[in-house]
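Here the structure is a predicted model, which means the values were calculated and not measured. These values consider heavy atoms only, across backbone and side chains, with no hydrogens, waters or symmetry-generated copies.
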Amino acid sequence: MTIKHLRILTAIARYGKLSEAAHSLNTTTSNVSKTLKEIDEFIGERLFVRHNGMFKETERSRHLLTLANDIFSAMDRTKERLDQHPPLHPHTTIMIGYYRTLMSGRAHTLWNKLVLTERSSSVMLTRLSPSDLRHQESSRQDFDIILSSSDLRPFLHFPEWHLITRPLQDLVFMTSEQHRTTPPRSFFLPACSESVNQVLTHYIHKYFPDHESISYYDSLHSILEVLEHPGACIAAERLDSQQIAQSVPIRVIQSMNHHGLHYQAALNVGLLERKGLLDDMDALLREIAIAEQAN
């Protein structure tokens, strides 16, 4: 059952004749007749009875027509809302900033969603340095969204920014699949907040007491080089592991699900409202969170 079927059904009920229904929809009588037959077969009974050359409604068709009117009304309301929010200017650019390497996977996921859904003409992804947050207030105002595993409240002025705090769903430790027989010795952690760092370090001391070293990586690209060495073990989010696995076979050896850690997403309310993207950006972050929970 499609919108086409419902429109033809409504036209038949309104005009009572197939020819007039066809004329109102700018189609042929044979097409209307064929579609009515499809509807009858789908429902399993005749929706109209013929009386004196006119098609009369039945109780079943009246019920279906009520549902069709509800659908058409909802479509009209949706169109009105779309008319109130015209398409983005073709030169609209969405600026995403992320602070600390741990946020790289989530930032890239958001970037991909924005590009694939064509919500803007371009999306720019920028890794922020500590000085960008602490000393460059004017540059922060150019970003539509900032992602961080650290607390952003000391660096942003509210209510210009809307802050969302959500849990880090799944932190994992992984090694290269080609070094399956080599036990993890050298651990590499992402640049992250002190609280996340403490949890990861404590986890290593507890579950890998024979480790030899703990170091840090500053980008997903550097991970590929690290994983070439036997005994190297990377800590990352599940989102990052999925991206890394596209370039090199990996094996997850430990997963941390209940760690109580969170990240923050700061939305630049003024900029996103002017671009008509405030609700869309919040919805996309929710989509990512739901996908994380599913994984």
Side-chain angles (χ1 to χ4, degrees), residues 96-112 125-134 146-152 166-265 288-289 291-293 295:
I96 303 174
Y98 67 96
Y99 182 55
R100 311 280 191 176
T101 310
L102 185 61
M103 290 291 100
S104 178
R106 182 172 283 97
H108 280 86
T109 298
L110 182 58
W111 181 88
N112 284 329
L125 195 62
T126 303
R127 180 180 175 180
L128 302 176
S129 67
S131 62
D132 291 328
L133 282 184
R134 293 189 176 94
I146 296 176
L147 301 168
S148 175
S149 60
S150 302
D151 187 3
L152 289 171
R166 294 214 170 100
L168 289 170
Q169 291 293 341
D170 195 0
L171 295 172
V172 297
F173 288 87
M174 55 192 175
T175 62
S176 172
E177 181 67 25
Q178 65 181 344
H179 304 310
R180 174 181 289 273
T181 59
T182 306
R185 297 290 187 183
S186 303
F187 287 81
F188 294 83
L189 309 182
C192 55
S193 66
E194 184 177 348
S195 59
V196 176
N197 185 294
Q198 288 176 350
V199 170
L200 291 174
T201 302
H202 175 75
Y203 195 90
I204 292 172
H205 286 299
K206 181 178 180 180
Y207 292 98
F208 303 97
D210 296 329
H211 70 276
E212 297 175 354
S213 64
I214 298 178
S215 306
Y216 299 90
Y217 63 88
D218 60 2
S219 71
L220 293 183
H221 298 291
S222 63
I223 289 178
L224 302 182
E225 298 180 5
V226 170
L227 288 175
E228 292 180 359
H229 302 283
C233 184
I234 298 292
E237 265 202 286
R238 181 75 68 175
L239 283 169
D240 292 325
S241 70
Q242 295 170 356
Q243 182 176 348
I244 296 166
Q246 297 174 4
S247 302
V248 58
I250 60 171
R251 176 169 58 98
V252 174
I253 59 175
Q254 289 283 352
S255 180
M256 298 171 57
N257 297 313
H258 304 290
H259 42 65
L261 298 171
H262 294 78
Y263 76 95
Q264 291 182 338
I288 295 174
E292 290 170 357
Q293 293 172 2
N295 291 329

Checklist line | Shortest non-hydrogen contact between M174 and A236, atoms and distance | finding: CE-CB, 3.8 Å

Next item on the list: State the CG-OH distance between L227 and Y217, to the nearest 0.5 angstrom.
Entry: 9.5 Å

Check: Does some side-chain heavy atom of R238 sit less than 4.5 Å from a side-chain heavy atom of V252?
Finding: yes

Notebook entry, point to check: With a 4.5 Å heavy-atom cut-off, do R185 and F208 have their side chains touching?
Noted result: no

Item checked: Heavy-atom side-chain contact between S104 and H108 under 4.5 Å -> yes

Check: Is a side-chain N or O of R127 found less than 3.5 angstrom from the main chain of Y99, in a donor-acceptor match?
Finding: no

Check: If you measure only the distance, is there a donor-acceptor pair under 3.5 Å linking the side chains of Y263 and R106?
Finding: yes

Checklist line | Side-chain touch V199/L171, heavy atoms, less than 4.5 angstrom | finding: no

Next item on the list: State, with a plain yes or no, whether a side-chain heavy atom of L189 is found less than 4.5 Å away from one of I214.
Entry: yes

Checklist line | Contacts of type side-chain hydrogen bond (donor to acceptor under 3.5 Å, both in side chains), residue Y207, not counting sequence neighbours | finding: none

Notebook entry, point to check: Judged by atom type as modelled, is there a donor-acceptor pair below 3.5 Å linking the side chain of H259 to the main-chain atoms of L261?
Noted result: yes

Next item on the list: Would you kindly say whether T201 and N197 are connected by a side-chain donor-acceptor distance under 3.5 Å?
Entry: yes

Checklist line | Side chain proximity check, M256 to L200, heavy atoms < 4.5 angstrom | finding: yes

Next item on the list: Check whether any side-chain heavy atom of C233 lies under 4.5 Å from a side-chain heavy atom of I253, and answer yes or no.
Entry: yes

Next item on the list: To the nearest 0.5 angstrom, please state how far the CD1 atom of I96 sits from the OG1 atom of T126.
Entry: 9.0 Å

Next item on the list: Run the ring-centre check on H229 versus H179 and record whether the distance is less than 6.0 Å.
Entry: no

Notebook entry, point to check: Measuring from S176:OG to I223:CD1, what's the distance to the nearest 0.5 Å?
Noted result: 12.5 Å

Check: CZ of R251 to CZ of F173: how many Å apart, nearest 0.5 Å?
Finding: 14.5 Å

Item checked: With E194 via side-chain hydrogen bond (donor to acceptor under 3.5 Å, both in side chains) - residues at least two apart -> Q198

Checklist line | Set of residues satisfying salt bridge (Lys or Arg N to Asp or Glu O under 4.0 Å) with respect to E228, sequence neighbours excluded | finding: none

Margin query: Hydrogens and angles aside, do T109 and N112 bring a side-chain donor and acceptor to less than 3.5 Å of each other?
Written below: no

Note to self: For the backbone of L152 and the side chain of Q264, can you confirm whether one donor and one acceptor N or O come within less than 3.5 Å of each other?
What the structure shows: yes

Margin query: Between S193 (side chain only) and S149 (backbone N and O only), is there a donor and an acceptor less than 3.5 Å apart?
Written below: yes

Next item on the list: Taking the side chain as every heavy atom from C-beta outward, state whether R166 and H262 have any pair of such atoms under 4.5 Å apart.
Entry: no

